Participant: 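Here's a structure for you.
Position 1 is the first residue of the sequence, and the numbers go up from there. Hydrogens, waters and symmetry mates are skipped; everything else that's a heavy atom, side chains included, is used. Only a predicted model underlies this, so the values are computations on that prediction, with no experimental measurement involved.
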Amino acid sequence: MIHGQQMVVIMISELMETGIQQPRPMSDHKTAILTVRDLKVSLKGDSSNEIIKGIDFDLVPGKIIALVGESGSGKSISSLAIMRLLPDALKITSGDIRFKNESLFSLTEKQMQSIRGRKVAMIFQDALSSLNPVQTVGEQIAETLELHTRLRGEKLSHRVIELMNEVGIPDSETRASWYPHQMSGGQQQRIMIAIALACEPDILIADEPTTALDVTIQKQILKLITDLTISRNLAVLLITHDMGVVYHTADTVYVMYQGEIIEKDEKYDFFKNPKQAYSKELINSLPDLKRFLSLENKAPLLEVRNTKVYFPIQKGLFQRVTGYVKAVDGISFEIKQGETLALVGESGSGKSTIGRAILNLENATGGEIWFCGRRIDRLSRKSMLPLRKDIQVIFQNPYSSMNPRMTVEQIIKEGMISLKLNLTNTEMDERISELLLRVKLEKEHRHRYPHEFSGGQRQRIAIARALAVEPKLIICDEPTSALDVSVRAQVLELLKELQDSFGVSYLFITHDLSLVPHIAHKVAVMQNGKLVEYGKAEDIMTIPKENYTKNLLSAVPKIQ
C-alpha cells in the first residue's frame with residue numbers, strides 16, 4: 001500500500017521528470033521552525049564595519065527558501081551565523097536567531113553541538129574539501145550517527161547503507177568502503193547530503209550544493225533535495241547564485257545585496273515582476289540562448305589529431321599492468337586564431353585530461369598535438385617552458401591553484417617574472433592594477449591573501465593571473481563555475497572583449513551549456529573519452545544529432 005506522503009513524492013517526481021513545475025503542497029506546520037531577526041555581523045574591533053546589516057527571514061518545514069546574491073553579499077556568513085560557526089575575525093553585534101522559539105545565542109557551546117548535525121545540518125559548497133580523504137565514506141556517515149545516536153555495530157552499518165541508498169548511491173554496500181577520491185563530484189555531494197540527513201534534522205542548509213557539478217548531476221541533486229524536502233518535511237535554506245536553479249527549486253526568494261535583504265517574494269511572483277533593479281539585473285544576466293557567434297576563416301592555432309591519453313591499471317604484488325583507463329580515446333579538433341571551442345560533457349568524460357595533455361602536464365599515449373605549426377606533445381618540460389607564456393590556464397578550483405602565503409600582487413606578478421616579460425617594477429604594478437580593475441576587483445585587493453576573498457573573487461584573481469602574460473591560447477577549465485550570474489556575465493564579456501582586441505583563443509571547458517552561445521564559436525561534446533558530436537555552436541545547440549547531447553541540453557535549468 002502506498003501511503004499519502006509517498007504518493008505525493010511519486011507524483012512530484014513524475015511532474016519533475018516531465019519538466020512541469022507545480023507548487024509543492026502546503027506544509028502541515030504553519031509557523032516557522034527557525035526565525036532570524038535583525039541579525040548584524042561585523043568585524044571584531046570595528047562594529048561600524050558591518051558585513052550583515054540587520055536581516056530577517058524565516059524557515060518553514062516543507063519549504064525551500066532561496067537566498068540569492070553575488071559573492072560577498074553575505075549569504076554564506078548568514079548561514080554560518082545560524083550554525084554559530086563564524087570565522088574568528090567576525091562577531092554578531094545584535095539580533096536573534098530562534099530555533100523552535102529558543103534563542104541559539106543563549107545556548108552553551110556544548111548545547112549547540114547537540115543542535116549542529118542533529119537538528120540543523122549543512123551541506124557545504126565543495127564536497128571533496130569537506131570530506132576526510134583518509135576515511136571511507138561509510139565511516140564518515142557512521143561517525144555522525146555515532147556522535148548523535150546510540151546506533152552501533154550491525155544496526156549502524158545497516159543505517160549507513162540505508163542513507164546511501166536514499167541519496168541514490170549505486171551498489172551502496174560496496175561503495176561504503178570507498179574513499180572520497182574514488183567517487184565522482186556528484187557522488188561526493190550525495191555523500192555530503194547523506195551525512196547531513198543522517199540524524200534526521202529539521203533544517204537543511206545547502207550552501208551552493210550544485211556548484212561545479214555537470215547539468216545532469218545538478219538536476220539529480222536538486223531533484224533529490226526537492227523530494228527530501230517533501231518526504232521528510234524539511235525546512236531548507238538554499239544558498240545559490242544560479243537563478244535557473246532558483247526557478248526550478250525554491251518556494252520563496254530572498255535577494256541579498258551588500259549585507260542586506262532588499263527583496264522577498266514568492267518564486268513565481270519574483271520572476272514575473274522583480275521590484276528591485278538589482279533583482280532585475282540578476283535575472284537579466286542569464287545568458288541569451290538564442291544569440292550565437294559567427295565563424296571566421298582564420299589560420300589554425302591549435303590542432304589535436306587523434307589524441308589518446310591512457311592510464312595503466314596495475315594490480316598484484318608486482319603491479320603488473322592488467323588494462324588501461326581510456327581517459328581520452330582518439331579525439332580530434334582544432335582551434336583557430338581568435339576562436340573559442342567549448343568542450344562540454346559530464347564529469348569523467350575526459351575534458352580536463354585533454355586540457356592537461358595540451359599543456360604537456362599529461363603524457364599523450366597516441367596521436368599528435370600541434371600549436372602554431374609546431375608539434376608539442378613530444379616536447380620535454382624544458383623545451384615546453386618558452387611556450388608557457390603563449391598557453392595559459394585558468395583552473396576550476398582557484399584556491400587550490402594559488403599559494404596561500406602569497407598576496408594577490410605576488411600571485412599575478414609571479415608569472416610575469418618567471419616567464420621573463422622584461423617589464424620594470426612600475427610597469428608590472430600598473431598592469432596588475434589594470435587587470436584587477438578589468439576583472440571587477442579593487443586596486444587595494446593586491447595586498448590581500450587568497451583566503452580573504454570569496455570563491456568568486458578568487459576565480460577573478462586566477463583569470464587576472466592568466467591574462468597577465470598576454471597569451472595566445474587560454475585553456476579555461478570551468479572558469480565561471482564559482483561565479484554569480486552577474487559577475488559571470490561580466491567575466492564572459494571580458495573574455496570576449498580580450499578576444500576581439502588581442503585575438504586570444506580559448507579552449508573553454510565547461511559543464512554549463514547555457515554559456516555556449518555567448519562565448520563559443522564551435523562545440524565539442526565528449527562522453528567516456530570520445531567525441532560524440534563536433535561542429536558550429538549554433539548547430540549543436542539548436543539541432544543536436546546525438547541523444548547524449550540532447551540529454552545535456554534538456555538538463556540545463558531555464559527560466560520559462
Participant: With sequence neighbours left out, write down each residue that passes side chain to side chain contact (heavy atoms under 4.5 Å, CB included) with Thr407, or none if nothing qualifies.
Facilitator: Glu409, Gln410, Tyr449

Participant: What pairs with Arg356 under side chain to side chain contact (heavy atoms under 4.5 Å, CB included), at least two apart in sequence or on another chain?
Facilitator: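 Result, side chain to side chain contact (heavy atoms under 4.5 Å, CB included) vs Arg356: Leu361, Glu362.
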
Participant: For Tyr257, enumerate each residue passing the ring pair (Phe, Tyr, Trp, His ring centres under 6.0 Å) test, keeping only those at least two apart in sequence or located in another chain.
Facilitator: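 Tyr278.
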
Participant: For the pair Lys351 (side chain) and Glu346 (backbone), establish whether a donor and an acceptor sit closer than 3.5 Å, ignoring hydrogens and angles.
Facilitator: yes

Participant: Please give me the minimum heavy-atom distance between Gly345 and Leu552, naming the atom from each residue.
Facilitator: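 Smallest heavy-atom distance, with atoms named: CA-CD1, 4.2 Å.
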
Participant: Just by modelled atom types, is the Met183 backbone N or O under 3.5 Å from a matching donor or acceptor in the Gln188 side chain?
Facilitator: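 At least one qualifying donor-acceptor pair exists.
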
Participant: Can you sort out the partners of Lys275 under salt bridge (charged side-chain N to carboxylate O under 4.0 Å, His left out), two or more places apart, ordered by chain and number?
Facilitator: Asp265

Participant: Taking only residues at least two apart or on different chains, which pairs with a member in residues 85-104 satisfy salt bridge (Lys or Arg N to Asp or Glu O under 4.0 Å)?
Facilitator: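 The answer is Asp96-Arg98, Lys100-Asp202.
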
Participant: Which residues satisfy the salt bridge (charged side-chain N to carboxylate O under 4.0 Å, His left out) test with Glu427, sequence neighbours excluded?
Facilitator: none

Participant: With sequence neighbours left out, write down each residue that passes side chain to side chain contact (heavy atoms under 4.5 Å, CB included) with Ser73, or none if nothing qualifies.
Facilitator: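 If we apply the side chain to side chain contact (heavy atoms under 4.5 Å, CB included) test to Ser73, skipping adjacent residues, the hits are Lys75, Met256.
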
Participant: Could you tell me whether the side chains of Ser352 and Asp477 share a donor-acceptor contact shorter than 3.5 Å?
Facilitator: yes

Participant: Considering residues at least two apart in sequence or located in another chain, which fulfil the ring pair (Phe, Tyr, Trp, His ring centres under 6.0 Å) criterion with Phe271?
Facilitator: Tyr247

Participant: Is the side chain of Tyr506 donor-acceptor paired with the backbone N or O of Lys496 at a distance under 3.5 Å, no angle test?
Facilitator: no

Participant: Among pairs that include at least one residue of residues 37-56, which meet salt bridge (Lys or Arg N to Asp or Glu O under 4.0 Å), considering only residues two or more places apart or in two chains?
Facilitator: Arg37-Asp58

Participant: Under the ring pair (Phe, Tyr, Trp, His ring centres under 6.0 Å) rule, collect the residues that match up with His445, sequence neighbours excluded.
Facilitator: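 His445 satisfies ring pair (Phe, Tyr, Trp, His ring centres under 6.0 Å) with Phe453 once adjacent residues are dropped.
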
Participant: By the salt bridge (Lys or Arg N to Asp or Glu O under 4.0 Å) test, which pairs, at least two apart or in different chains, include something from residues 189-200?
Facilitator: Arg159-Glu200

Participant: Kindly state each residue pair satisfying salt bridge (Lys or Arg N to Asp or Glu O under 4.0 Å) with at least one member in residues 128-141, sequence neighbours excluded.
Facilitator: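 Residue pairs with at least one partner in residues 128-141: there are none.
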
